[in-house]
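Every heavy atom of this structure was used, including side-chain atoms; hydrogens, water molecules and symmetry mates were not. Residue numbers start from 1 in every chain, and the chains themselves are labelled A, B, ... in the order their sequence lines are given, proteins ahead of strands.
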Number of protein chains: 2
Amino acid sequence: MKQVAASVEEVATVLKLLGDKTRLTIMGLLNNQDCCVCELVEIFQMSQPAISQHLRKLKDAGLVKETRKAQWIFYSMNKEHEMHSLIKDILAHIPDQKEKLKELEEKGTKISCE
Amino acid sequence: MKQVAASVEEVATVLKLLGDKTRLTIMGLLNNQDCCVCELVEIFQMSQPAISQHLRKLKDAGLVKETRKAQWIFYSMNKEHEMHSLIKDILAHIPDQKEKLKELEEKGTKISCE
DNA sequence: TCATCATATAACAATATAATTATATAAGCA
DNA sequence: TGCTTATATAATTATATTGTTATATGATGA
């Protein structure tokens, strides 16, 4: 499939962001479903500020969007991002992240606002 | 097309390497044809050690191979790299780099060993 | 309203990255 | 052999990145 070429700079910016194991995995998770910060903290066993700072970078670049739902802020993939097809192509190369979400449910730490 | 999933770490490593404008462009160039160091120095208007160090990183990760031809060392894309299909997918999103190679020929700084 | 939970931000420290300059190595040629 | 060209490596410096701790903000609920 022929792609519409973005500038080298734009692509390099996205790759640099996804060139971090934590951020790449976050995108893999968001590719399955929206997550709130505390879920990600639980999954990555990382400090809350560390997760927040990774999310900030992704948000500043427009790769993710945030939505407040009650006391939680849910992050989701921005499907309107100019580089969304590149991101999907990349995520097709990493293992499915559903397992991690399943574990959350089993531990009972899954947040649900529906 | 369903991909064979590499580990998140492996993919992140490749993305980090390509998350640099210079290295991403080098890979775009090598996707068209092999290049020697002095050609890349000419194209990027960058110091020779800077180019060599970028090539070293790409080589250490196995993304490129080197072949000596007389006094020049030509770099080429390693098509046998485990992550070659990911790299091709990514390069499909950047503009074709043939222009830069054409300019070299016009300036007469193209190296040919055939 | 006050305490608590969820999240963001600021300040800082440790580490990584990328460029420069200087120097080493290796091939080609007079 | 000694000079030149092509490339690599080392040392250094400047800057960027990532994580930690401390603190601020904002929503919920008693």
For the side chain of [X] and the backbone of [Y], is there at least one donor-acceptor N/O pair under 3.5 Å apart?
{"X": "B:E39", "Y": "B:C36", "result": "yes"}
{"X": "B:Q33", "Y": "B:L30", "result": "no"}
{"X": "B:E105", "Y": "B:K102", "result": "no"}

Tell me the interatomic distance from [X], atom [atom1], to [N], atom [atom2], rounded to whole angstroms.
{"X": "A:R23", "N": "D:dA16", "atom1": "CZ", "atom2": "P", "result": "15 Å"}
{"X": "A:F44", "N": "D:dG19", "atom1": "CZ", "atom2": "P", "result": "11 Å"}
{"X": "A:Q48", "N": "D:dG19", "atom1": "CD", "atom2": "P", "result": "13 Å"}
{"X": "A:M46", "N": "D:dT17", "atom1": "CE", "atom2": "C1'", "result": "12 Å"}
{"X": "A:I26", "N": "D:dT18", "atom1": "CD1", "atom2": "P", "result": "11 Å"}
{"X": "A:I73", "N": "D:dA27", "atom1": "CD1", "atom2": "C1'", "result": "10 Å"}
{"X": "A:D60", "N": "D:dT18", "atom1": "CG", "atom2": "C1'", "result": "15 Å"}
{"X": "A:E66", "N": "D:dG26", "atom1": "CD", "atom2": "P", "result": "13 Å"}

Note: for A:V37 and A:K16 on DNA chain C, the residue whose nearest nucleotide lies more 5' is A:V37

Quick one: label A:K59 by what it contacts on the DNA or RNA (base, sugar-phosphate, nothing), any heavy atom closer than 4.0 Å.
nothing

Looking at every strand, decide which applies to B:K21 at a 4.0 Å heavy-atom threshold: base, sugar-phosphate, or nothing.
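The answer is nothing, as B:K21 stays clear of every strand by at least 4.0 Å.
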
How long is the span from the [atom1] atom in [X] to the [atom2] atom in [Y], to the nearest 0.5 Å?
{"X": "B:K59", "Y": "B:N78", "atom1": "NZ", "atom2": "CG", "result": "12.5 Å"}
{"X": "A:I90", "Y": "A:L18", "atom1": "CD1", "atom2": "CG", "result": "5.0 Å"}
{"X": "A:R56", "Y": "A:E66", "atom1": "CZ", "atom2": "CD", "result": "9.5 Å"}

Along DNA chain C, 5' to 3', what are the outermost nucleotides having an atom less than 4.0 Å from a heavy atom of chain B?
C:dT17 to C:dG28

Does A:Q53 contact D:dT20 through a side-chain donor or acceptor facing the base, at a distance under 3.5 Å?
yes

Checking B:S7 against B:E10: is there a side-chain donor and acceptor pair closer than 3.5 Å?
yes

For D:dG19 and A:H54 - does any side-chain N or O of the residue sit under 4.0 Å from the phosphate oxygens OP1/OP2?
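For D:dG19, OP1/OP2 do have a side-chain N/O of A:H54 under 4.0 Å.
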
Using heavy-atom distances to pick each residue's nearest nucleotide on DNA chain D, tell me which of A:D20 and A:Q71 is more 5'.
A:D20

